[in-house]
Amino acid sequence: MKESNFIYLYNGTWEDLLKLIFWLLKEKRKPLQIMEEIKYENNLLSSPFKPVIDPKILTFKKNISKEVLKISYYVFLSSEKEKELIIYYFLLNSLKYQKEVIYMRNLKCVNKALAVSKRVSREAHKWKGFLRFKEMQNQFFYAEFNADNNILGILANHFTKRLPKENWVIKDEGRDILCIYDQTRLYFLEGKDIQLDLNLNTKEKNTEELWKSFFKTIAIKERENRKCQQNFMPKKYWQNILEMEGEK
Amino acid sequence: MTLKEKLEILADSAKYDASCSSSGSARKNKNGIGNGSISGICHSFSSDGRCISLLKILMTNCCIFDCKYCINRRSNQVSRAIFTPEEIASITINFYKRNYIEGLFLSSGILKSPDYTMEKMIETIALLRNKYHFNGYIHAKAIPGASEYLIQKLGLLVDRLSANIELPTENGLTLLAPDKNASKVTDIMNFVKKKKSKIFTPAGQSTQMIIGATNETDLEILSKSSNLYQNYQLKRVFYSAYIAVNKDKNLPSMKMPPLKRENRLYQADWLLRYYNFKVEDLLEKENPNFNVLLDPKADWALRHLEEFPKEINKASYYDLVKVPGIGPTSAKKIISSRRFFTIHFNDLKKMGISLKRAKYFILCDGKYFANIACFQQGFITKNLILEETETKKERTTQLSLFYEGK
């Protein structure tokens, strides 16, 4: 089969994708498609291809600026279709324009990469504010959220700095993945791999009531503006925001 | 009284303070709980659309002053409460651990004396910082008339200090807040300005003015702000539309707070701080109040059409930000990109720059968005007003209120 029909496969991790893209750049191949191997379905028109790559290829990173790598990583975390190709073309251009590639907004792939990465960081920022922990009986804090993009790692990093002396668990409900922090390190797991005892601490309801009453009291009724409230805190977040539970 | 009842009384009396921002401090977590986030984080939005970032409370609503506009004035018959330092610290920590808040905004009515009140506030905040090792954001109100050594002590503990000027002119203050003295507020500002450093109020100082309680014009209010920014290097002046909570012969009776006016003042305030505008560009003695129909920049641009249209590929930074619809972020994007290629209208769209308002005032590579004959005051005014009424989402009000530039 012709090389142009290849679908390049990687194992779904960022490192594996970077290895693959660096290899493609080195071999000067222009992929038609790059895909996670578990998502690939056999068909007659294309042939899957997973090259064996020396891990040393990752040293190629030094040719790429930190900012460009960060943008690429955020694109990787997105749920954008063909995000792998966006990253490939973004990195390809970054070889030509170096770190100034981020100003080349007239190039479709650059523009796309910047827009998608911005979307991911915006969503992560929103959740840094909206995430709500509950204290459980077994001395840990538990929070659930639902997001379009895979921001669990960004959130985990944020709370590691913020709450280093607590035990906590954050769960991405939609993806069914969890992050567990035990005051020392982070563990990432799939939902099926762990059974958590989610009984609330006896005092938890009191604290929740205290917060809900603060939330109600702090609003100025002469300035009521539900539309504006909803612009900043859209309904899709409400199911995971304690004080908005039961609101319509 | 239960803790919940206390919290209701002391949050209710604190809610009229407009400031709730948590930006400007990158305080690190030193072996404890919490840290600062330089751009600030909103944790929720109340039903009035305002951002909730901090646990905004008074230490007490008891007050020896009798300011006419204030709900907590001595002569009002309202429920009074006092929080102990331990109560405030434990609510703050409990809320913070659950990620309800970024930190604490502590203000207070005046108990016994300004010094006594400040000492109690310092005790509370010191407890949070030293016993609980709390490194999250703390904004405290300095009490006018308190001794300098207390302000010094407080400033070393908090991220931001503020003292409210409340009314733009001395006359207004004498009329409505006879116990307050403007010079005591500016004394604090002066002190904070001199002491500000990485460890003393790293997020700087701010203040607040009540809009519409007295009869000052927008020109007087904005001149006061400009003066405050210049003399005391304030980070922010907040504007709070007057809400009639008390009846008094010296107070206006109004049903609705003047929100549109508040919005215009915020817009103008940003033009002073980030767009290099001067008060006299925006308002003049003959015309001392803002146009209700148009935002201050559009209004200015329409009065100065001779400066437009501006060529996107050549205009300087300060010329670009004069274009209605183009702010500092867009201007920086334009300048960094045009070194590499000539910008056309569709490039601006790709950059995520809204052309809705900007298109009337710019040329891209010599081209106007429509027939250049459209470039005249009547046509543009009509379209801009239409635009403003259509997108009446009031997003801008709230954005300018709660997202703070660095």
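All values derive from a computational prediction rather than experimental measurement.
We find the CZ-OH distance between A/F214 and B/Y100 to be 12.5 Å, quoted to the nearest 0.5 Å. One distance of note links CG of A/L107 with CZ of B/F340; it measures 11.0 Å at 0.5 Å rounding. Distance check, rounded to the nearest 0.5 Å: CZ of B/F95 to CG of A/L210 gives 4.0 Å. Between A/H125 atom NE2 and B/S37 atom OG the span is 6.0 Å, to the nearest 0.5 Å. Taken from CD in A/E209 to CG in B/L7, the straight-line distance is 12.0 Å, to the nearest 0.5 Å. For the atom pair CG (B/N99) and NE2 (A/H158), the distance works out to 6.0 Å, reported to the nearest 0.5 Å.
The residue among A/A143, A/S213, A/P164 with the most heavy atom pairs within less than 4.5 Å of chain B is A/S213. Between chain B and the residues A/K108, A/K165, A/K112, A/K216, the largest count of heavy-atom pairs under 4.5 Å involves A/K165. Counting heavy-atom pairs under 4.5 Å between each of A/I102, A/N206, A/T207 and chain B puts A/T207 at the top. Most heavy-atom pairs under 4.5 Å with chain A: of the set B/M351, B/E102, B/R98, B/K15, this distinction falls to B/R98. Highest contact tally toward chain B, considering only A/F133, A/W211, A/F141, is held by A/W211 [criterion: heavy-atom pairs under 4.5 Å].
The shortest heavy-atom contact between A/R162 and B/G36 is NH2-C, 4.4 Å. Between B/C42 and A/F130, the shortest heavy-atom distance links the atoms O-CE2, 4.3 Å. Closest non-hydrogen pair, B/D48 versus A/I220, comes out as OD2-N, 2.7 Å. Between B/S46 and A/F215 the shortest heavy-atom distance is CA-CE1, 3.9 Å. Across all their heavy atoms, A/R223 and B/P257 have their closest contact at CG-CG, 4.3 Å. Here the shortest heavy-atom pairing between B/S47 and A/E224 reads O-CG, 3.6 Å.
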Would A/R132 and B/S44 satisfy side-chain contact (heavy atoms from CB on, under 4.5 Å), going step by step from the backbone distance to the final call?
-> CA-CA 11 Å; A/R132 296 286 178 267; B/S44 193; 3.7 Å; yes
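A side-chain donor-acceptor contact under 3.5 Å links B/H43 to the backbone of A/G129. Checked by atom type and distance alone, the side chain of A/N225 never pairs as donor or acceptor with a backbone atom of B/G49 at under 3.5 Å. A distance-only check finds a donor-acceptor pair linking the side chain of B/S337 to the backbone of A/Y103 [under 3.5 Å].
Electrostatic pairing of A/E166 and B/K97 counts as a salt bridge here, judged by a charged N lying under 4.0 Å from a carboxylate O.
Proximity to chain A (any heavy atom under 4.5 Å) is shown, for B/L10, by neither the backbone nor the side chain. For B/I243, the part sitting under 4.5 Å from any heavy atom of chain A is the side chain, from C-beta outward, and nothing else. Looking at A/N106, both its backbone and its side chain come within 4.5 Å of chain B, counting heavy atoms on both sides. Contacts of A/L242 with chain B are made by side-chain atoms alone, with heavy-atom separations under 4.5 Å and no backbone atom involved. Heavy atoms of B/N31 lying under 4.5 Å from chain A belong to its backbone as well as its side chain. The part of A/E243 that comes within reach of chain B is its side chain, from C-beta onward, which places non-hydrogen atoms under 4.5 angstrom from that chain. Interface remark: B/K28 contributes no atoms to any contact with chain A (heavy atom separation under 4.5 Å). For a residue to count as touching a neighbouring chain, one of its non-hydrogen atoms must lie under 4.5 Å from one of that chain's; by this rule B/R338 does not touch chain A. Neither the backbone nor the side chain of A/Y237 comes within contact range of chain B, judged by heavy atoms closer than 4.5 Å. Both the backbone and the side chain of B/N35 come within less than 4.5 Å of a heavy atom in chain A.
Taking B/T329 as the reference, nothing meets the side chain to side chain contact (heavy atoms under 4.5 Å, CB included) condition, with sequence neighbours excluded.
Within a 6.0 Å radius of NZ in B/K350, other residues, nucleotides and ligands contribute more than 12 heavy atoms. Counting heavy atoms of neighbouring residues, nucleotides and ligands inside a 6.0 Å radius, atom CZ of A/R122 does not exceed 12 of them.
Under the side chain to side chain contact (heavy atoms under 4.5 Å, CB included) rule, A/I218 has a single partner from B/I57, B/L55, B/I52, B/L54, which is B/I52.
Interface residues of residues 63-75 of chain A toward chain B, defined by a heavy-atom distance below 4.5 Å: none.
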